[in-house]
Participant: 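Structure provided below as structure tokens; questions to follow.
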Amino acid sequence: MIVSILFRRLVGVVLGALLLALPATLSAQGNAQGNSQISTHTPSANELSRLSASGSYLAARHAGVLRDAGAAAAYYRAALRRDPKNSELLERAFLSVLAEGDIEEAVRLAEQVVIFDRNDRIARLVIGVRGLKQKKYAPARQSLMQSVRGPITDLAATLLAAWSSYGSGEAKGAVEAIDKLQGADWYALFKDLHAGLIHDLAGNKKEAGKRFENAYKLDATALRVVQSYGSWLSRNGKKDEAMKVFKAFDAQLPRHPLIVEAMEAIDKGKSLPPLVDSAQLGAAEVLYGLGAALGRRGGEDLGLVYLQLALYLAPNQPLALLSLADLYEQVKNPQFAIKIYERVPQSSPLRRNADIQIAANLDTIDRTDEAKQRLNKLITNRSDDLDAIMALGNILRGRKAFDECAAVYGKGIATIAKPERSSWLIFYFRGICNERAKKWDLAEADLKEALNLFADQPHVLNYLGYSWIDQGINLDEGMRMIRRAVEQRPDDGYIVDSLGWAYYRLGNHDEAVKQLERAVELKPDDPTINDHLGDAYWKTGRTLEARFQWSHAHDLKPEPEDLAKIKQKLATGLPEDTSSAVDAGKKPGDGG
């Protein structure tokens, strides 16, 4: 969903592409298989006592596949009790407990892991972080420097060790260690940021400012860099410059709660505090920054470890909580995401964002009434809360309450004094709802307004062009729009399907087959696209292939109204006067 993608931009530092080499041991928990309604159940002691070691092991593996770290940890610990010398069980139990967030228990297991493998870098990392938390800086550094071996872990260990040096009163040595680290180009952002934070806390104002400025020049869209640099400027007699830094960020990502809070404080003549004020919070910042970046770049397992360790050092860090919850969303575990969002402090400016995401996840697990109640409460408390209004409209649209969602989006549009380019989305979504509610004049006006705000937006071009062709009006302009959408999104199966279906509606069945075959290659599991290809095959005399595609579409669980039509086609073929298999169904590529 487009709104969810926008939400992810709230949660932290944006990095360039990372080349990730995850530890082999972290692959043990497997990947979620798209199950959006995972059943979570931590077994009781009585249940565990009835299982054999092998039974506990198999149950743990299954829980790991579902990303249920709590259940996996319980089962692995039970298996380990029955076979305490099994190093594989110990390693898996350790990783599951760590993923669950029970760091003290993870430390106990890590101390056993290093007996079997003294070079286990994740175990050494965990032991080192525990030392940092307990202010045992020298042994913490020793463990952390034994956790290096790879581009991510090298950077993490060096920065964490630097913060332990700062904790020991060795700020100069801490920065020198950071500067000595050699590695990928993207290291520079982290190195300058954390060197700046250490200089700042050590009272080296001039050096801190230089490092923050360097980091800002590397990436002016990195939230924590912007906050660090802006807050330093505000404390050092440069509040006008600080405001410029924050306004530049706001122009790229409007209304970020933390940036809004900072600008309001500066408007009141206040100076902003440093991003961190201790070695522990500095280390938490390292783990949060890397964990958030890893989670967005396909390294969910290691990202999960870093984020849990960050929260061990800073339990109420809102951005780390949002990043961890977002990671659970990415691996299709909405119930765990809800639990993490609930931990965001009520006093945080980001709590409202957490509540909006809780509602989205409640809807995912079919607790839609609760989701709507939560969003309506937010809107009642603040009638111009456009994000909450959009979220409510999206839920209603997903549940096909089209008249209702059009009205909700309308309330959102009414809050926009002067629509800007970013406003295209709400007009587009209201246009979809009006079209589905069979209010075409209203829908067409909304879609045209979306294009007026964002010319050539591919989703809008696709939807409006398709709608015109499906109605047999504005055929040349509609085809031009769809072709332009395909030029911009050649690998979007839904948009390519629109082009193929447009050719079908215009009677060019050979070209329809060509485009629809490509659409199926791009989106092989979409029932509507497979159904469309079946219709095009039938029109070109390829009846056996048509029945195969319809049969495949049937098995992909289409909407009930489409399923009835597919069954009829399988029984009797395509009627001569049938030109569309989607008249009452969804429009492909609606961006939802």
Side-chain angles (χ1 to χ4, degrees), residues 20-29 60 64 67 69-70 72-74 76-77 80 84 87-165 167 279-292 294-295 299-315 317 320 323-324 327:
L20 304 179
L22 293 182
T25 52
L26 284 175
S27 66
Q29 292 207 45
R67 301 262 180 178
Y76 277 130
R77 281 190 298 237
L80 188 62
S87 60
E88 181 184 354
L89 282 178
L90 175 62
E91 176 79 6
R92 289 176 181 270
F94 161 62
L95 291 172
S96 295
V97 168
L98 181 56
E100 183 188 16
D102 186 350
I103 307 303
E104 293 297 343
E105 174 68 5
V107 169
R108 187 185 69 78
L109 293 171
E111 289 171 340
Q112 297 178 46
V113 169
V114 297
I115 294 173
F116 287 97
D117 181 2
R118 60 181 304 198
N119 296 317
D120 188 299
R121 62 189 186 277
I122 301 300
R124 290 292 182 187
L125 173 68
V126 170
I127 294 170
V129 170
R130 196 271 300 266
L132 261 168
K133 185 177 179 70
Q134 295 181 338
K135 300 183 180 180
K136 297 178 180 178
Y137 297 117
R141 279 197 300 279
Q142 183 179 1
S143 291
L144 289 167
M145 295 317 295
Q146 288 179 277
S147 72
V148 300
R149 193 175 30 169
I152 304 298
T153 47
D154 283 0
L155 178 62
T158 299
L159 295 177
L160 292 171
W163 277 108
S164 72
S165 293
Q280 287 69 35
L281 292 183
E285 192 65 30
V286 172
L287 294 161
Y288 152 68
L290 287 172
L294 284 162
E300 291 89 356
D301 293 296
L302 191 55
L304 179 63
V305 167
Y306 283 175
L307 290 170
Q308 291 286 22
L309 289 171
L311 290 167
Y312 173 63
L313 294 172
Q317 216 276 38
S323 292
L324 181 58
L327 192 154

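Along the sequence shown, the residues carry numbers beginning at 1. We use all heavy atoms of the structure for the numbers below, so side chains are in, but hydrogens, waters and symmetry mates are not. Being a predicted model, the structure only gives us computed values, none of them experimental.
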Participant: For residues Leu313 and Leu281, determine if any side-chain heavy atom of one lies less than 4.5 Å from a side-chain heavy atom of the other.
Facilitator: no
Participant: Measure across Ser87 and Phe116 and return the closest heavy-atom pair with its distance rounded to 0.1 Å.
Facilitator: CB-CD2, 3.7 Å
Participant: Under the side-chain contact (heavy atoms from CB on, under 4.5 Å) criterion, do Leu125 and Leu144 qualify, and how do the steps go?
Facilitator: CA-CA 5 Å; Leu125 173 68; Leu144 289 167; 3.9 Å; yes
Participant: Mind listing the closest non-hydrogen atom pair of Ala123 and Phe94 along with its distance?
Facilitator: CA-CZ, 3.6 Å
Participant: Measure the CG-CZ distance between Leu309 and Arg130 for me, rounded to the nearest 0.5 Å.
Facilitator: 12.5 Å
Participant: Tell me the closest heavy-atom pair linking Ala161 and Met145, and the distance in Å.
Facilitator: CB-SD, 3.6 Å
Participant: Go through Arg108 and Glu104 one step at a time and tell me if the salt bridge (charged side-chain N to carboxylate O under 4.0 Å, His left out) criterion holds.
Facilitator: CA-CA 7 Å; Arg108 187 185 69 78; Glu104 293 297 343; over 6 Å; no
Participant: Is there a side-chain contact between Gln142 and Arg124 in this structure, where contact means two heavy atoms from C-beta onward sitting under 4.5 Å apart?
Facilitator: no
Participant: My understanding is that only one of Leu290, Leu307, Ile122 makes a side chain to side chain contact (heavy atoms under 4.5 Å, CB included) with Leu302; could you say which?
Facilitator: Ile122
Participant: Atom CD of Glu91 and atom CG of Asp120: how far apart are they, to the nearest 0.5 Å?
Facilitator: 4.5 Å
Participant: What's the separation between atom CG in Leu98 and atom OH in Tyr306, rounded to the nearest 0.5 Å?
Facilitator: 11.0 Å
Participant: Please enumerate all residues that pass side-chain hydrogen bond (donor to acceptor under 3.5 Å, both in side chains) together with Lys136, with sequence neighbours excluded.
Facilitator: Gln134
Participant: Could you tell me which non-hydrogen atom of Glu285 sits nearest to which non-hydrogen atom of Gln317, and how far apart they are?
Facilitator: OE1-NE2, 3.7 Å
Participant: According to side-chain hydrogen bond (donor to acceptor under 3.5 Å, both in side chains), who are the partners of Glu100, at least two apart in sequence or on a separate chain?
Facilitator: none
Participant: Any non-hydrogen side-chain atom of Val113 less than 4.5 Å from a side-chain atom of Val126?
Facilitator: no
Participant: Mind checking the CZ-CG spacing from Arg141 to Leu132? Nearest 0.5 Å is all I need.
Facilitator: 9.0 Å
Participant: Ala140 and Gly128: which non-hydrogen atoms are nearest, and at how many Å?
Facilitator: CB-O, 3.4 Å
Participant: Rounded to the nearest 0.5 Å, what separation is found between the CG atom of Asp154 and the CZ atom of Arg121?
Facilitator: 9.0 Å
Participant: Quick one: pull up OH in Tyr312 and CG in Asp102 and give me the separation to the nearest 0.5 Å.
Facilitator: 10.0 Å
